[in-house]
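A quick write-up on the structure given underneath.
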Protein chains: 2
Amino acid sequence: MDAIDLALVDLLRGNARLSYAELARQVGLSAPAVHERVGKLESGGVIRAYRAEVEPETVGLGVTALISIVEDSGADTDDVLEAFRAMPEIESCYFMAGVESFLLKARVGTIAELEQLIVRLNRTPGVASTRTSIALSTKWENRPQPVGPSSS
Amino acid sequence: MDAIDLALVDLLRGNARLSYAELARQVGLSAPAVHERVGKLESGGVIRAYRAEVEPETVGLGVTALISIVEDSGADTDDVLEAFRAMPEIESCYFMAGVESFLLKARVGTIAELEQLIVRLNRTPGVASTRTSIALSTKWENRPQPVGPSSS
DNA sequence: GGGCGAGGTCGATGGCGTCCACGGACTGTA
DNA sequence: TACAGTCCGTGGACGCCATCGACCTCGCCC
């Protein structure tokens with residue numbers, strides 16, 4: 001994990017479809033060398049995936065909500081997690097410090113679907129209560145912060 | 001935006017580095033046809049970007065926090081937004097319904113850096129108060145939900 | 001000094017991206 | 001029905017790219 005690896009990660013966070021040849025030009029190595037480095041970043045768990053970022057409205061997912069979950073005392077956190085994982089609307093799931101154990105980011109098409117999701121969440125064993133905030137608009141999301149020349 | 005476009009979007013959300021030839025095989029078209037469709041999805045704003053998803057800890061961003069912001073009455077929301085945008089630690093920014101106008105997701109390397117960020121946020125003109133929750137762990141993030149055969 | 005491993009370059013080759021010309025289906029008009 | 005125009009696809013061609021293997025260089029350890 002040297003400066004060149006960080007540069008590759010930065011480049012791929014900005015545009016995951018850059019060719020190895022282009023990456024090679026940018027970091028000043030040959031294409032096979034870059035190919036091997038990126039392969040190691042992938043298998044070493046640094047690069048988890050390559051994803052196209054989609055404008056949610058255009059695929060019928062116009063409603064974004066953030067839902068905080070208070071767990072039942074004595075709930076099995078793993079079971080709760082598994083139940084959340086089975087709900088595809090839940091895009092992100094953070095385990096939080098504080099009274100509210102989880103914060104979920106959910107994306108649905110309509111307010112009606114959001115309502116159904118909240119009902120399902122409240123019915124989930126281990127969930128004591130939910131608190132939902134609706135995002136009126138997403139100013140930006142998952143902006144990659146340059147990690148540039150840093151320590152490690 | 002027909003079923004084939006949706007399939008392409010799904011495939012690219014799952015793996016942004018699929019070749020056009022591979023996409024073509026999956027959807028049953030020729031490579032040039034897929035190339036043109038994807039090009040239209042990009043220029044039409046459906047596909048916003050292609051990003052490598054990185055394990056944050058491995059690039060020195062091990063601390064995730066969610067920060068709610070209450071605006072001053074009379075604050076200029078655009079100015080506040082611009083100030084947020086200038087802080088690279090803020091990965092996502094949602095404009096929310098409720099007392100707290102914004103929800104920010106920030107990623108930093110250490111608690112000390114988080115403290116500095118919060119200080120800067122509180123000093124920002126237009127910001128009345130902040131409320132920070134720390135994510136102890138990220139169970140998952142930006143999981144693409146299949147949009148499959150849907151309406152539109 | 002000599003062997004070894006990590007990590008690089010170079011060269012070759014097959015597949016891919018991308019441009020272009022062409023063709024069939026659908027639509028609106030006479 | 002016949003015709004022209006448009007949209008959207010296919011197939012072929014060509015140059016670039018991904019990827020493999022052979023070799024090279026440097027630093028390290030015995």
Side-chain angles (χ1 to χ4, degrees), chain A residues 1-61 142 144 146-152, chain B residues 1-61 142 144 146-152:
Chain A
M1 201 61 198
D2 60 5
I4 292 185
D5 281 338
L6 287 174
L8 289 173
V9 165
D10 263 5
L11 287 166
L12 286 170
R13 285 216 290 182
N15 180 4
R17 280 184 81 82
L18 287 176
S19 68
Y20 290 116
E22 181 59 28
L23 291 170
R25 277 188 284 272
Q26 302 265 347
V27 301
L29 286 183
S30 66
V34 167
H35 188 255
E36 181 168 347
R37 275 174 178 266
V38 172
K40 282 181 183 166
L41 289 171
E42 291 168 0
S43 60
V46 176
I47 293 178
R48 213 188 299 155
Y50 301 98
R51 302 210 177 288
E53 211 182 278
V54 166
E55 200 73 44
E57 296 80 13
T58 62
V59 292
L61 295 173
N142 300 126
V147 76
S150 149
S151 65
S152 167
Chain B
M1 199 62 199
D2 60 3
I4 292 184
D5 281 337
L6 287 173
L8 290 173
V9 166
D10 264 3
L11 287 166
L12 286 170
R13 286 216 291 182
N15 180 4
R17 280 183 81 81
L18 288 175
S19 68
Y20 291 116
E22 182 59 28
L23 292 171
R25 277 188 285 271
Q26 302 266 347
V27 302
L29 286 183
S30 65
V34 168
H35 187 254
E36 181 167 348
R37 276 174 176 266
V38 172
K40 283 181 183 166
L41 289 171
E42 291 167 0
S43 60
V46 176
I47 294 178
R48 212 188 300 156
Y50 301 99
R51 302 206 177 287
E53 210 181 280
V54 166
E55 201 73 44
E57 295 80 12
T58 62
V59 292
L61 295 173
N142 301 124
V147 75
S150 147
S151 65
S152 166

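Everything quoted here is computed from the prediction, not taken from an experiment.
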Might you point out which heavy atoms bring Ala24(A) and Ser30(A) nearest each other, and give the distance in Å? CB-C, 3.7 Å

Interface residues of residues 32-45 of chain B with DNA chain D (non-hydrogen, below 4.0 angstrom): Pro32(B), Ala33(B), Arg37(B), Lys40(B)

Could you check whether any side-chain N or O of Arg17(A) sits under 3.5 Å from a backbone N or O of Ala16(B), counting only pairs where one atom can act as donor and the other as acceptor? yes

Scanning both residues in full, the closest heavy-atom pair of Val27(B) with Ala7(B) reads CG1-CB, 4.1 Å

Listed partners of Arg37(B) passing salt bridge (charged side-chain N to carboxylate O under 4.0 Å, His left out), at least two apart: Asp2(B), Asp5(B)

Within this structure, what is the CG-NE2 distance for the pair Leu29(B) and His35(B), rounded to the nearest 0.5 Å? 14.0 Å

Contacted region of DNA chain C by chain B, from 5' end to 3' end of the hits, cut-off under 4.0 Å to heavy atoms, spans dC16(C) to dC19(C)

Enumerate donor-acceptor pairs with a distance under 3.5 Å from any side-chain N or O in residues 40-47 of chain A to protein atoms, sequence neighbours excluded.
residue, atom, partner, partner atom, Å
Lys40(A), NZ, Glu36(A), OE2, 3.3
Glu42(A), OE2, Tyr50(A), OH, 2.5
Ser43(A), OG, Gly39(A), O, 3.1

So, taking the atom named CG in Leu11(B) and the one named CD1 in Ile4(B), what distance separates them when rounded to the nearest 0.5 Å? 11.5 Å

Scanning both residues in full, the closest heavy-atom pair of Met1(A) with Val9(A) reads CE-CG2, 4.4 Å

When all nucleic acid strands are considered with a 4.0 Å heavy-atom cut-off, which category describes Ser30(B): base, sugar-phosphate, or nothing? base

Pairwise 5' ranking along DNA chain D for Asp2(B) and Arg17(B), keeping only the more 5' one: Asp2(B)

Arg25(A): side-chain hydrogen bond (donor to acceptor under 3.5 Å, both in side chains) partners, not counting sequence neighbours: Glu22(A)

On a heavy-atom basis, which atom in Pro144(A) and which in Arg51(B) lie closest, and how many Å separate them? CG-NH1, 3.5 Å

Send over the distance from Ile4(B) CD1 to dC7(D) P, rounded to a whole Å. 18 Å

May I have the distance from Leu18(A) (atom CG) to dC17(D) (atom P), rounded to whole angstrom? 12 Å

CA sep, side-chain torsions, deciding dist, call: Leu12(A), Val54(B), side chain to side chain contact (heavy atoms under 4.5 Å, CB included): CA-CA 9 Å; Leu12(A) 286 170; Val54(B) 166; over 6 Å; no

Net bend of the helix from dG1(C)-dC30(D) to dA30(C)-dT1(D), end axes of five pairs each, nearest 10 degrees: 20°

Arg25(A) has a side chain; which of dC17(D), dT10(D), dA18(D) sits nearest to it? dC17(D)

